[in-house]
A.B. asks: 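One structure coming up, written as structure tokens, with questions to follow.
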Amino acid sequence: MVRMIALLQGEVLSKGGDSLILLVGGVGYELAVPSRDIHRLVVGEVQTLFVAEQIREDAYDLYGYLDESERRLHFRLVTVQGIGPRMAHAILSVYDALTFAEIIEQEDLARLGSVSGVGKKTAQRMLLDLKGKLVDVTSGEAIPTSDPALMALIQLGFNHDQATQALKDVDASEPTAERVRQALKGVSR
């Protein structure tokens, strides 16, 4: 899916509650911003926000995040049944991307349920759908897709660091299947 707006940089014109107006090239964009971040944004300063768009028949909503990983997490969250863009934003108003990933990996239903609007079934659905799948969302750098062995290990459930470590001593000139086999053999020792 191609999205139109990925990032906006401009002057914070005004803010209130959990939204602000960002003046970009003479156009004021209203963005919903996580409540844990709104106090960090100062009226009159230039700010860069990573944008998640939600386009519906009756609305065009923009969600602004200070970190690219939160934008990626927003899009990952809305793939979970029962979670829409507002719920994803509510989650990101409570937890940053790294903390949320840790909660998912620890299967901490209590902390998931502490977000307003997240019930037990929704929390369980998030665990089921997201456990082991947030590595690319929370890493500060994009996962290199040029290494098929690394991607294969991630698909097998290793996180990025574990997969990288497992491949560290494996000869990169070997075929992908052999590199994965050797990496798995090294991990099992």
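Keep in mind it's a predicted model, so treat the numbers as computed, not measured.
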A.B. asks: So, for L8 and I5, which heavy atoms are closest and what is the spacing to 0.1 Å?
C.D. replies: CG-CG2, 3.8 Å

A.B. asks: Please name the residue in the list Q106, E107, M126 that meets the side-chain contact (heavy atoms from CB on, under 4.5 Å) test with K131.
C.D. replies: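 Considering Q106, E107, M126, a side-chain contact (heavy atoms from CB on, under 4.5 Å) with K131 is found only for E107.
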
A.B. asks: Okay, side chain of T79, backbone of R76: is any donor-acceptor separation there less than 3.5 Å?
C.D. replies: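 The answer is yes, because a donor-acceptor pair under 3.5 Å joins these two groups.
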
A.B. asks: Does Q47 use its side chain to pair, donor to acceptor, with the backbone of L41 at less than 3.5 Å?
C.D. replies: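 Judged by distance alone, no pair lies under 3.5 Å.
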
A.B. asks: Let me have the donor-acceptor pairs involving side chains of residues 28-36, under 3.5 Å, with sequence neighbours excluded, atom names and distances please.
C.D. replies:
residue	atom	partner	partner atom	Å
R36	NE	L92	O	2.8
R36	NH2	E70	OE1	3.1
R36	NH2	E70	OE2	2.7
R36	NH2	L92	O	3.1
R36	NH2	Y95	O	3.4

A.B. asks: Going by side-chain hydrogen bond (donor to acceptor under 3.5 Å, both in side chains), name the residues that satisfy it together with D61, two or more places apart in sequence or in a different chain.
C.D. replies: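 Expected list: R56.
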
A.B. asks: Are any non-hydrogen side-chain atoms of R111 and T99 less than 4.5 angstrom apart?
C.D. replies: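 In contact.
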
A.B. asks: Would you indicate whether the side-chain heavy atoms of L22 and L49 approach each other to under 4.5 Å?
C.D. replies: yes

A.B. asks: Shortest non-hydrogen contact from D67 to F50?
C.D. replies: C-CD1, 3.6 Å

A.B. asks: Taking side-chain hydrogen bond (donor to acceptor under 3.5 Å, both in side chains) as the definition, give me every residue that meets it alongside R179, ordered by chain and number, with sequence neighbours left out.
C.D. replies: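 side-chain hydrogen bond (donor to acceptor under 3.5 Å, both in side chains) check on R179 returns D147.
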
A.B. asks: Within this structure, what is the CG-CG distance for the pair L134 and L77, rounded to the nearest 0.5 Å?
C.D. replies: 7.5 Å

A.B. asks: Tell me, do Y60 and M4 make a side-chain contact under 4.5 Å, heavy atoms counted?
C.D. replies: yes

A.B. asks: Tell me, please, which residues at least two apart from Y65 pass side-chain hydrogen bond (donor to acceptor under 3.5 Å, both in side chains).
C.D. replies: H74, H89

A.B. asks: Establish, from distance only, whether the side-chain atoms of Y63 and Q54 form a donor-acceptor pair under 3.5 Å.
C.D. replies: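 Checked: Y63/Q54 side chains show no N/O donor-acceptor pair below 3.5 Å.
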
A.B. asks: With hydrophobic residues grouped by side-chain heavy-atom distances under 4.5 Å, do V27 and V12 end up in a single group?
C.D. replies: yes

A.B. asks: Could you tell me whether the side chain of V80 reaches within less than 4.5 Å of the side chain of L130, counting heavy atoms only?
C.D. replies: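 Result yes, sub-4.5 Å side-chain heavy-atom pair found.
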
A.B. asks: Looking at every heavy atom in both A123 and L109, which two are closest together, and how far apart are they?
C.D. replies: CB-CD2, 3.6 Å

A.B. asks: Could you see if V78 belongs to whatever hydrophobic cluster contains V115? Use Ile, Leu, Val, Met, Phe, Trp, Tyr and a side-chain cutoff under 4.5 Å.
C.D. replies: no

A.B. asks: Please report the closest heavy-atom contact between L13 and V43, naming both atoms and the distance.
C.D. replies: O-CG1, 3.4 Å

A.B. asks: Only pairs at least two apart or in different chains count here, so list each side-chain hydrogen bond (donor to acceptor under 3.5 Å, both in side chains) that has a residue in residues 8-25.
C.D. replies: Q9-T48

A.B. asks: Quick one: side-chain hydrogen bond (donor to acceptor under 3.5 Å, both in side chains) pairs with a partner in residues 116-130, sequence neighbours left out?
C.D. replies: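 Applying side-chain hydrogen bond (donor to acceptor under 3.5 Å, both in side chains) to every pair that reaches into residues 116-130, excluding sequence neighbours, yields nothing.
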
A.B. asks: Calculate, to the nearest 0.5 Å, the distance between atoms CD and CG belonging to E68 and L73 respectively.
C.D. replies: 11.5 Å

A.B. asks: Can you tell if the side chain of L112 reaches within under 4.5 Å of the side chain of I104, non-hydrogen atoms only?
C.D. replies: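 Yes; the side chains approach each other to less than 4.5 Å.
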
A.B. asks: Pairing donors with acceptors under 3.5 angstrom, does anything connect the side chains of Q182 and E178?
C.D. replies: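 Checked: Q182/E178 side chains pair up, N/O donor to acceptor below 3.5 Å.
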
